[in-house]
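First up is the structure itself, then whatever we jot down about it.
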Amino acid sequence: MSDNLREQLVLLPEYFQGHLLLTLISLSLGIIISIPLGVWAAQSKIVKRPLLTAVSIIQTFPSVAILAMVVALLGGQIGLVPAIIALVLYSMLPIVRNTVTGLETVADEVVEAARGIGMSSNQILTKVRLPLALPVIIAGIRTAAVWTVGVATLSTLVGATSFGNYIFTGLQTSNLVSVTVGSLAAALMAIFLDSIIGGIQWLTEHRNQKSSTRKFKQVKFIVITAVLLGGSFSAYSILPEPKRDFVIGGKAYTEQYIIAGLLATELEAAGFTVDQRIGMGTEVLYTATANGTVDVYLEYTGTVWANIMNNSHNPGRKVVLESVTDFVKEKDGMVNVGTLGFQNRYALAMRKDRAQELGIVSIEDMIPLADGLIAAGDLEFFGRLEWITLRDTYNIDFAEKLTFDSTLMYTAVNEGQVDLITAYTSDGRVAAFDLQIIEDPRNSMLPYDSFLLASSRAAENNRFVEIMQTLVNQISDLEMREANRLVDVEGRSVSDAIAYLQTIIHE
Amino acid sequence: MIELKNLQKTFDNGATYAVADTSFSVEKGELLGLIGESGSGKTTTLKMINRLEEPSSGEVYVNGQNVLAINPEELRRNIGYVFQGIGLFPHYTVAENVAAVPQLLGWDENRVTLRCQETLKMVGLPVDEYGARYSSQLSGGQQQRVGVARALAAEPDVILMDEPFGALDPITRAELQEEFKRIQTNLNLTVIIVTHDMTEALLMADRIAVMKDGEVLQIGTPQDLLNEPKHEYVKKMVDMPKRRADRLEKLVHSS
Ligand SMILES: Nc1ncnc2c1ncn2[C@@H]1O[C@H](COP(=O)(O)OP(=O)(O)OP(=O)(O)O)[C@@H](O)[C@H]1O
Ligand SMILES: [Mg+2]
């Protein structure tokens with residue numbers, strides 16, 4: 001077994017537990033909420049149409065959008081609660097719809113007979129209509145179960161652990177093994193649930209005709225065994241875990257995984273227990289740290305300056321850092337516990353030989369040559385403030401400005417199809433292709449100093465702050481680039497990159 | 001005892017009457033045959049007695065009590081009803097179907113079990129063989145018998161039967177007619193049987209009511225109907241079985 005696979009499998013129990021917990025809680029709540037709603041809709045024409053429309057509309061929303069909206073509605077809370085709410089909303093349509101259909105398709109003459117022998121409407125519902133609708137309702141639950149297992153992978157985006165952690169980490173760190181393990185695990189869980197519920201459905205469908213046949217007894221035995229096994233396994237794996245001392249957050253790309261892992265290793269070495277919640281967006285992480293669900297994560301000054309403080313000018317590296325530090329403290333009670341040293345900002349980059357040939361060291365050198373140069377940007381660069389500032393500061397424009405997916409952009413510059421690209425300063429591919437970062441003497445690019453943003457609770461812990469401070473200004477652009485390269489280009493594991501950074505920090 | 005007074009039912013605000021100004025009574029212990037062509041209002045009349053339909057006007061008394069004054073569920077539990085479409089519960093076994101009303105009435109379990117055995121035996125379906133089956137595992141005729149057993153199960157003294165023997169072969173049908181007549185006489189039940197079959201009505205009923213277009217044309221004993229039909233339609237209805245009987249008699253004597 002490869003190291004990579006072994007490393008992934010170590011994570012399996014935790015992700016399995018998270019995924020199962022999410023699925024079971026959401027599905028149970030979905031059933032508890034949807035069946036009564038379906039019954040209500042089947043009794044009342046006034047309720048039926050709006051309710052079915054509402055649950056259908058929820059279904060048409062992209063699941064990621066629902067997750068984001070739930071997080072926003074909960075005031076930025078992340079973790080299990082918003083994930084469960086979103087999953088419950090998502091599971092409602094098939095259950096509500098099948099409950100309504102199931103109840104409506106019970107033969108009129110059977111309902112009339114129930115009335116005729118003196119059953120009350122409640123008795124008709126519980127003794128006749130619901131039992132007869134049961135196979136159809138269970139079919140709805142079955143659909144909902146498969147959907148829930150699938151959508152639960154997205155819960156990673158709002159900081160709930162699931163098999164999605166494998167998938168998103170894998171996608172961001174180009175780790176195919178991780179993506180495969182996550183997808184397979186989710187698929188297996190879906191198949192298992194689908195088969196169990198399918199078995200129950202079969203039993204309810206055939207309980208009248210075949211209850212004495214051999215096949216019926218076999219299916220019954222298999223279903224009961226599977227439920228018992230699955231149930232005790234779940235009960236065992238869902239036992240509440242002890243509370244962790246610190247929760248480390250992270251956005252969804254390699255550098256974030258590496259630094260979060262580094263923070264975890266350092267804190268654990270000091271005897272703390274930690275939990276990692278990686279794969280979230282900036283907004284979600286920032287609010288989660290402000291409200292204390294996350295204790296620390298890697299943020300960049302430029303991100304806070306532009307996206308949170310909504311500034312569009314560039315007063316220089318030092319001022320941005322100071323303003324951001326003040327802002328997070330005064331506005332949201334968070335603490336900048338220190339910069340790490342490297343920046344992850346936009347920069348123009350060229351192949352070294354090409355730069356030498358043209359004699360380019362800084363952007364100023366490009367000004368006279370610009371109308372002969374082909375530039376390539378990632379999907380957003382030429383629409384961003386950075387480009388406008390760069391253009392106006394140096395009064396520069398290029399002969400051609402092409403837009404690429406970032407992977408293709410690096411290939412293009414490496415193969416000489418374009419002269420320069422808009423790279424990230426800590427990007428591993430800059431190191432891999434041995435590109436030269438072009439200097440920016442007039443500071444046109446917004447600074448993105450990396451720093452550790454901590455919750456107020458964490459910042460009050462002296463030991464925690466001490467550990468964080470051992471990392472301050474320990475990692476240069478070059479070193480972070482190398483760490484990223486190990487993972488992104490060489491396909492090494494995140495723990496290898498962490499180990500590399502540790503040798504640098506503790507040398 | 002059942003008494004209908006000027007009973008009317010319209011489903012279309014008076015444009016047409018499914019049941020029009022119908023009055024008759026069924027004495028305690030009497031078996032009344034209600035006969036008429038399809039759509040004449042027989043089922044509707046029956047349903048108004050146990051309040052599955054509410055009358056548009058007029059009154060119904062069961063054992064001297066206006067049914068509108070009785071809680072409908074209470075009323076229905078105390079009247080046996082055999083449904084035209086059989087109406088067995090497909091998710092209940094034969095035994096559970098028969099036990100349904102006694103259970104609704106809160107009988108204790110032993111009594112329910114005993115009564116189940118008893119009634120199923122009465123209709124010729126021993127509980128050991130048929131009790132655990134579902135209606136999908138029974139023939140049409142067996143289902144009808146379960147329907148009759150279910151109506152008898154709670155020992156009601158009033159029973160309404162909507163074409164209870166329709167799906168049976170002639171021999172079983174004759175057997176069950178006789179069997180039921182005996183039960184009815186022994187238990188002194190007040191019964192209305194809806195039927196299309198004049199022979200069945202003539203042989204089982206104490207009196208027969210002939211319905212057409214929502215109205216009762218004539219009500220009387222089988223002899224009354226045979227000897228003094230007051231209506232062309234009634235005459236036509238009784239002529240057929242009469243002619244058949246005559247021919248059968250000739251056949252028997254000529255051999
Ligand atoms: N729920 C209803 N809504 C509207 N019309 C109805 C309803 N029930 C019965 N009718 C009409 O009332 C009339 C009498 O119907 P009913 O069922 O009493 O006839 P029936 O004598 O039992 O006929 P059959 O022998 O076919 O069972 C028919 O014209 C029928 O179409
Ligand atoms: Mg009828």
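Chain A is the first sequence line, chain B the second, and so forth, proteins listed ahead of strands; every chain is numbered from 1. A quick note: this is a predicted structure, and the numbers were derived from the prediction, not measured.
- The side chain to side chain contact (heavy atoms under 4.5 Å, CB included) test with Ile117(A) is passed by exactly one of Arg150(B), Arg76(B), Arg77(B): Arg150(B).
- Shown here is Asp108(A), whose CG atom has no more than 12 heavy atoms of other residues, nucleotides or ligands within 6.0 Å.
- Contacts between Leu88(B) and chain A at a heavy-atom distance below 4.5 Å involve the backbone alone (N, CA, C, O).
- Contacts from residues 101-125 of chain B to chain A, taken as heavy-atom pairs separated by less than 4.5 Å, involve Val101(B), Leu104(B) in sequence order.
- The minimum heavy-atom distance between Gly87(B) and Ala113(A), with the atom names listed, is O-CB, 3.1 Å.
- Heavy-atom neighbours of Lys220(A) NZ from other residues, nucleotides or ligands within 6.0 Å: at or below the threshold of 12.
- Within 6.0 Å of the CD1 atom in Ile46(A), the count of heavy atoms belonging to other residues, nucleotides or ligands does not exceed 12.
- Ranked by non-hydrogen atom pairs under 4.5 Å with chain A, the options Ala151(B), Gly85(B), Ala154(B), Ala100(B) are led by Gly85(B).
- Between chain A and the options Tyr92(B), Phe83(B), Tyr81(B), the largest number of non-hydrogen pairs under 4.5 Å is found for Phe83(B).
- His91(B) has its side chain out of reach of Leu134(A): every pair of non-hydrogen atoms, C-beta onward, lies at least 4.5 Å apart.
- For the set Lys127(A), Glu109(A), Arg115(A), Glu112(A), the entry with the most heavy-atom pairs within less than 4.5 Å of chain B is Arg115(A).
- With a 4.5 angstrom heavy-atom cutoff, Ala114(A) touches chain B via backbone and side-chain atoms both.
- In terms of heavy-atom proximity, Asn50(B) sits nearest to Gly116(A) at ND2-O, 3.7 Å.
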